[in-house]
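Have a look at the structure below, then the notes.
Quick note: numbers below take in every heavy atom, side chains included, and nothing from hydrogens, waters or symmetry partners.
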Amino acid sequence: MPSQPAITATGLRRSYGDHVVLDGIDLKVPRGTVFSLLGANGAGKTTTVKILSTLIRADGGSARIAGHDLSAEPDAVRASIGVTGQFSAVDNLLTGQENLTLMADLHHLDRKTGRRRTAQLLEQFDLVDAARKTAATYSGGMRRRLDLAMTLVGSPQVIFLDEPTTGLDPRSRRAMWQIVRELVAGGVTIFLTTQYLEEADELADRIAVLDHGKIVAEGTADELKRRIPGGHVLLRFADERDLESAVRAVGQVSRDSDTLVLRVPHDGSLRSLKALLDRLDRNAVEVDSLSVHTPDLDDVFLALTGNKEKVTAP
């Protein structure tokens, strides 16, 4: 039997006065995966995280987190999750080691277990050399690593990462991505909200696009990209004769005779690419080079939401 999903939500709603933030969203996140929620500022991403992590109540709908009912078993949900928000929970006056020890105390770990867990996390997050320095001296990337390490003290099954790499430089962002991959490889489920398209493309097993409180699309990155027109295959030829042969073989296409290039519409699927190659092969067309181009998540976001405020690409 397949394992129970890490997160399920049905008809979640939340309003502030007359302003509807979530308008009945449904979610299903398998265990040991990364699920990414994309949306512009104000789309409802952080509200979704706050509801699922028991920080605020939904006005309607239901959810289960790590097998526990969100409304009936909030304490069990809290014991099963970790949350790393947009703003660091690190205490600047404490050292990295002291921050982790504090979290171990809050989780009621005994002294020996707490010390062992602290040492393990300092090693895992490459913070051993900075362990006895105050967090105020840490770089942005180090603070985010410490923040996530603090989330892991209680060994959560599900971690909510709400825009965890905002403000980080590219090197620090990629270091965080590797940490996320390692956590998922160890069986942890990650619920990621982000404004960085590349982040969702790199990490997420499934992506949902949230717009004005509604899920307007969901799927893998490739599935979402295939929904948007504009995909094509570029065929480059060594001479004019091969170019003309290809035109006769594939029919009406966009051509550039000066550069000896054909642009053939393509839906991004392997079946479509194979059919094109088979057609060229049957007609003995020699292709000098081939490249496949698909819409990116930026195109997906703009097409699905019509929002001029694009999700950020780093």
Side-chain angles (χ1 to χ4, degrees), residues 34 45-47 49-56 65-66 74-196 199 203 314:
V34 178
K45 303 188 303 295
T46 297
T47 298
V49 169
K50 286 182 175 179
I51 289 173
L52 295 177
S53 59
T54 77
L55 295 176
I56 62 175
I65 315 294
D75 289 341
V77 170
R78 294 184 193 111
S80 303
I81 68 172
V83 181
T84 298
Q86 295 180 34
F87 305 103
S88 174
V90 171
D91 189 324
N92 283 329
L93 300 179
L94 301 179
T95 67
Q97 185 173 1
E98 288 168 343
N99 270 285
L100 290 169
T101 300
L102 175 61
M103 291 303 297
D105 291 340
L106 291 174
H107 281 281
H108 305 293
L109 300 183
D110 63 67
R111 188 175 180 182
K112 181 179 179 180
T113 303
R115 285 201 304 266
R116 185 172 63 248
R117 186 67 175 143
T118 294
Q120 179 186 44
L121 289 168
L122 288 170
E123 179 72 28
Q124 180 180 352
F125 286 82
D126 194 22
L127 292 169
V128 174
D129 292 342
R132 298 186 183 278
K133 297 178 182 179
T134 59
T137 66
Y138 285 16
S139 67
M142 291 169 67
R143 288 173 59 83
R144 293 308 277 171
R145 296 205 307 274
L146 177 59
D147 199 19
L148 184 52
M150 291 165 64
T151 300
L152 291 174
V153 169
S155 301
Q157 299 175 47
V158 178
I159 299 177
F160 293 94
L161 299 181
D162 191 15
E163 302 188 18
T165 62
T166 298
L168 296 186
D169 62 78
R171 183 186 298 275
S172 297
R173 183 174 296 123
R174 281 171 169 74
M176 285 292 291
W177 291 355
Q178 184 58 35
I179 289 170
V180 169
R181 293 187 184 102
E182 291 169 358
L183 290 172
V184 172
V188 175
T189 303
I190 303 291
F191 188 101
L192 170 71
T193 73
T194 182
Q195 291 196 58
Y196 293 119
E199 188 159 86
L203 295 177

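Taking CE of Met142 as the start and CG of Leu168 as the end, the distance is 12.5 Å to the nearest 0.5 Å. One finds the CD atom of Glu98 at 15.0 Å from the CE atom of Met103 (value rounded to the nearest 0.5 Å). Rounding to the nearest 0.5 Å gives a distance of 4.5 Å between CG of Leu106 and CG of Leu102. Annotation: the span from Trp177 atom CH2 to Leu192 atom CG amounts to 10.5 Å, rounded to 0.5 Å. To the nearest 0.5 Å, the span separating CZ on Phe160 from OG1 on Thr46 amounts to 12.5 Å. In this structure, CE on Met150 lies 10.5 Å from OG1 on Thr118, to the nearest 0.5 angstrom.
Closest non-hydrogen pair, Ser172 versus Gly141, comes out as OG-CA, 3.8 Å. Nearest heavy-atom pair, Thr193 versus Pro164, reported as atom, atom and distance to 0.1 Å: O-CD, 3.7 Å. Residues Gly82 and Pro156 share a closest heavy-atom pair of N-CB, 3.5 Å. Between Ala89 and Asp147, the closest heavy-atom pair is N-OD1, 3.3 Å. Of all heavy-atom pairs between Asp162 and Arg144, the closest is O-NH2, 4.5 Å. Among all heavy-atom pairs drawn from Tyr196 and Thr194, the shortest one is N-OG1, 2.9 Å.
No donor-acceptor pair under 3.5 Å is formed between the side chain of Tyr138 and the backbone N or O of Arg145. Formation of a donor-acceptor pair under 3.5 Å by the Arg143 side chain with backbone atoms of Asn92 is not found in this model.
Partners of Thr47 by side-chain hydrogen bond (donor to acceptor under 3.5 Å, both in side chains), not counting sequence neighbours: none found.
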Practice prompt. Please step through side-chain contact (heavy atoms from CB on, under 4.5 Å) for the pair Leu109 and Val153, ending with a clear verdict.
Written response: CA-CA 9 Å; Leu109 300 183; Val153 169; 4.0 Å; yes
Item to complete: Give the intermediate values and the outcome of side-chain contact (heavy atoms from CB on, under 4.5 Å) for residues Asp75 and Thr54.
Response: CA-CA 9 Å; Asp75 289 341; Thr54 77; over 6 Å; no
Fill in: Criterion side-chain contact (heavy atoms from CB on, under 4.5 Å) on His107 and Ser155, from CA distance to verdict
CA-CA 10 Å; His107 281 281; Ser155 301; over 6 Å; no
Worksheet entry | Full working for side-chain contact (heavy atoms from CB on, under 4.5 Å) between Lys112 and Arg116 | CA-CA 6 Å; Lys112 181 179 179 180; Arg116 185 172 63 248; 4.2 Å; yes
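With Ile159 as reference, Leu152 is the one residue of Val83, Ile81, Leu152 to meet the side chain to side chain contact (heavy atoms under 4.5 Å, CB included) rule. Considering Thr84, Leu161, Thr165 as possible partners of Met176, the one that fulfils the side chain to side chain contact (heavy atoms under 4.5 Å, CB included) test is Thr165. Checked against Leu183 for a side chain to side chain contact (heavy atoms under 4.5 Å, CB included), the options Val34, Leu148, Thr151, Thr189 give a single hit: Leu148.
When the shell of 6.0 Å around CD of Gln120 is examined, it contains more than 12 heavy atoms from other residues, nucleotides or ligands. For Asp110, the CG atom sits in a packed shell: over 12 heavy atoms of surrounding residues, nucleotides or ligands are nearer than 6.0 Å.
Looking at Arg111 and Arg115, their side chains come closer than 4.5 Å, going by heavy atoms from C-beta outward.
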